[in-house]
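Step one of this worksheet: look at the structure below.
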Number of protein chains: 2
Amino acid sequence: METLLLDRLLLIGELFQRDMARAFDGTGLTTARVHLLWVLQHAGPSTQRDLARLCEVTPRNITGLVDGLEASGHVRRTPHPTDRRSVIVELTSTAADTMARMQGEHAELNDTLLAAVAPEDRAALERGIAAIATRLETLVVEAAGEEDQAAS
Amino acid sequence: METLLLDRLLLIGELFQRDMARAFDGTGLTTARVHLLWVLQHAGPSTQRDLARLCEVTPRNITGLVDGLEASGHVRRTPHPTDRRSVIVELTSTAADTMARMQGEHAELNDTLLAAVAPEDRAALERGIAAIATRLETLVVEAAGEEDQAAS
DNA sequence: TATTGTTATACTCTATAACTATA
DNA sequence: TATAGTTATAGAGTATAACAATA
């Protein structure tokens with residue numbers, strides 16, 4: 001039985017997750033926490049409310065993740081300069097270094113995987129994956145829209 | 001800034017998960033439980049120990065997942081014919097129907113996504129993804145091996 | 001009155017360790 | 001003595017709801 005392209009894509013996603021989880025193992029970091037660090041690195045210092053929106057989770061969840069990351073020394077809570085309700089979360093310098101290193105490894109992995117593809121196939125591969133990602137994103141957005149409609 | 005191929009692949013993985021989770025929403029099913037159902041559909045009636053190995057999860061975890069799926073009527077526990085320690089888990093007929101339908105939708109999604117790719121790019125895409133999956137699998141296995149060695 | 005974050009509570013997934021029944 | 005599954009316990013991630021402080 002031939003393997004569907006879809007199954008290979010799912011396998012790739014699983015392998016990524018497993019590899020990431022293994023890389024964090026022993027550091028006290030988890031997938032959810034690294035995701036938050038990643039978002040912080042890209043967005044810069046942010047309120048917890050903004051982090052909740054960017055991560056698409058509840059504010060309550062951000063409280064828990066920030067609690068953990070603060071305890072492990074990866075982030076710092078500072079008061080908002082004008083809004084006393086808000087809290088600004090920012091990476092510590094060691095965490096910023098860690099994230100920069102991770103981004104480097106990420107680019108390196110990208111190159112390693114691309115090197116496994118025959119040079120004459122690369123352009124078509126890039127186009128095909130971009131097309132699939134776009135199509136899938138449309139499908140997911142449509143499905144979510146229908147659900148919202150059904151719920152109202 | 002150009003998007004890395006790796007980032008698109010990660011995005012595709014996330015979108016799949018989100019779409020799956022949305023599809024189960026309201027049915028009482030979760031990603032972990034559907035995964036177990038999927039394994040059961042492919043392996044046929046199995047002991048919990050075999051399910052633990054196939055899902056790469058602890059036996060304790062299987063107990064919990066089977067408890068939930070039994071309560072929701074998706075699986076049935078029956079005694080092992082010869083080994084009185086063992087339990088055989090099998091899909092109920094309704095769950096078998098559900099899984100067959102899901103497999104159909106899965107193949108349909110595969111076709112839909114492939115249809116978004118230019119016909120002349122498809123062969124190269126298939127080859128490229130297969131090459132990447134193989135390379136990544138090798139990397140993950142190697143990394144796990146090093147870790148095992150370090151732990152001993 | 002609306003918003004930000006937290007406390008309270010609960011559920012799922014996951015793990016390890018100890019235990020029971022059986023092989 | 002080893003194996004299959006469960007109970008006990010624990011921790012992370014997630015959610016909703018109620019609440020305090022502030023806007």
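The figures here come from the full heavy-atom set of this structure, side chains too, leaving out hydrogens, waters and symmetry mates. In the text below, chain A, chain B and the rest are named by the order of the sequence lines, each starting its count at 1.
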Interatomic distance where [atom1] belongs to [X] and [atom2] belongs to [N] [whole Å]:
{"X": "A:Asp67", "N": "C:dT4", "atom1": "CG", "atom2": "P", "result": "19 Å"}
{"X": "B:Gln48", "N": "D:dT6", "atom1": "CD", "atom2": "C1'", "result": "9 Å"}
{"X": "A:His35", "N": "D:dT14", "atom1": "NE2", "atom2": "P", "result": "10 Å"}
{"X": "B:Arg49", "N": "C:dA21", "atom1": "CZ", "atom2": "C1'", "result": "17 Å"}
{"X": "B:His80", "N": "C:dA23", "atom1": "NE2", "atom2": "C1'", "result": "12 Å"}
{"X": "B:Ile62", "N": "D:dA4", "atom1": "CD1", "atom2": "P", "result": "13 Å"}
{"X": "A:Arg53", "N": "C:dT3", "atom1": "CZ", "atom2": "P", "result": "9 Å"}
{"X": "B:Leu69", "N": "C:dT12", "atom1": "CG", "atom2": "P", "result": "11 Å"}

The criterion is side chain to side chain donor-acceptor pair (under 3.5 Å); which residues satisfy it with B:Thr138, sequence neighbours excluded?
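Partners of B:Thr138 under the side chain to side chain donor-acceptor pair (under 3.5 Å) test: none.
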The criterion is side chain to side chain donor-acceptor pair (under 3.5 Å); which residues satisfy it with B:Glu137, sequence neighbours excluded?
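Side chain to side chain donor-acceptor pair (under 3.5 Å) list for B:Glu137, sorted by chain: empty.
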Please, which pairs that meet salt bridge (Lys or Arg N to Asp or Glu O under 4.0 Å) have at least one residue in residues 83-94 of chain B, sequence neighbours excluded?
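Those involving residues 83-94 of chain B are B:Arg76-B:Glu90, B:Asp83-B:Arg85.
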Qualifying salt bridge (Lys or Arg N to Asp or Glu O under 4.0 Å) pairs with a residue from residues 50-63 of chain B, counting only residues at least two apart or across chains
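As it turns out, the salt bridge (Lys or Arg N to Asp or Glu O under 4.0 Å) pairs with a partner in residues 50-63 of chain B, which skip direct neighbours, are A:Arg18-B:Glu56.
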Quick one: SG on B:Cys55 to CG on B:Asn61, what's the gap to the nearest 0.5 Å?
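B:Cys55 atom SG to B:Asn61 atom CG measures 8.5 Å (nearest 0.5 Å).
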Distance, nearest 0.5 Å, that separates CD of A:Glu14 from CG of B:Leu136
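A:Glu14 CD to B:Leu136 CG: 11.0 Å, rounded to 0.5 Å.
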Please list, for nucleotides 13-16 of chain C, all pairs of protein and nucleotide N/O atoms separated by less than 3.5 Å.
from	atom 1	to	atom 2	distance (Å)
C:dC13	OP1	B:Thr30	OG1	2.1
C:dC13	OP2	B:Arg33	NE	3.2
C:dC13	OP2	B:Arg33	NH2	3.3
C:dT14	OP2	B:Asn61	ND2	3.4
C:dT14	O5'	B:Asn61	ND2	3.0
C:dA15	OP2	B:Thr58	N	3.1
C:dA15	OP2	B:Thr58	OG1	3.2
C:dA15	OP2	B:Asn61	ND2	3.4

Per the ring-ring contact (aromatic ring centres under 6.0 Å, His included) rule, what does the pair list look like for residues 87-124 of chain A, sequence neighbours excluded?
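For residues 87-124 of chain A, and leaving out neighbouring residues, the ring-ring contact (aromatic ring centres under 6.0 Å, His included) pairs sorted by first residue read A:Trp38-A:His106.
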Could you note down all residue pairs passing ring-ring contact (aromatic ring centres under 6.0 Å, His included) where residues 58-86 of chain A supplies at least one of them, sequence neighbours left out?
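Listed by first then second residue: nothing to list.
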Let me have a per-nucleotide readout for nucleotides 18-23 of chain D, 5' to 3', with B, S or -, counting only protein heavy atoms under 4.0 Å.
---BBS
Using the ring pair (Phe, Tyr, Trp, His ring centres under 6.0 Å) criterion, which residues pair with A:His35? Sequence neighbours excluded.
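A:His35: no ring pair (Phe, Tyr, Trp, His ring centres under 6.0 Å) contacts found.
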With heavy atoms under 4.0 Å as the rule, sort B:Thr63 into base, sugar-phosphate or nothing.
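Counting heavy atoms under 4.0 Å across all strands, the contact made by B:Thr63 includes a base.
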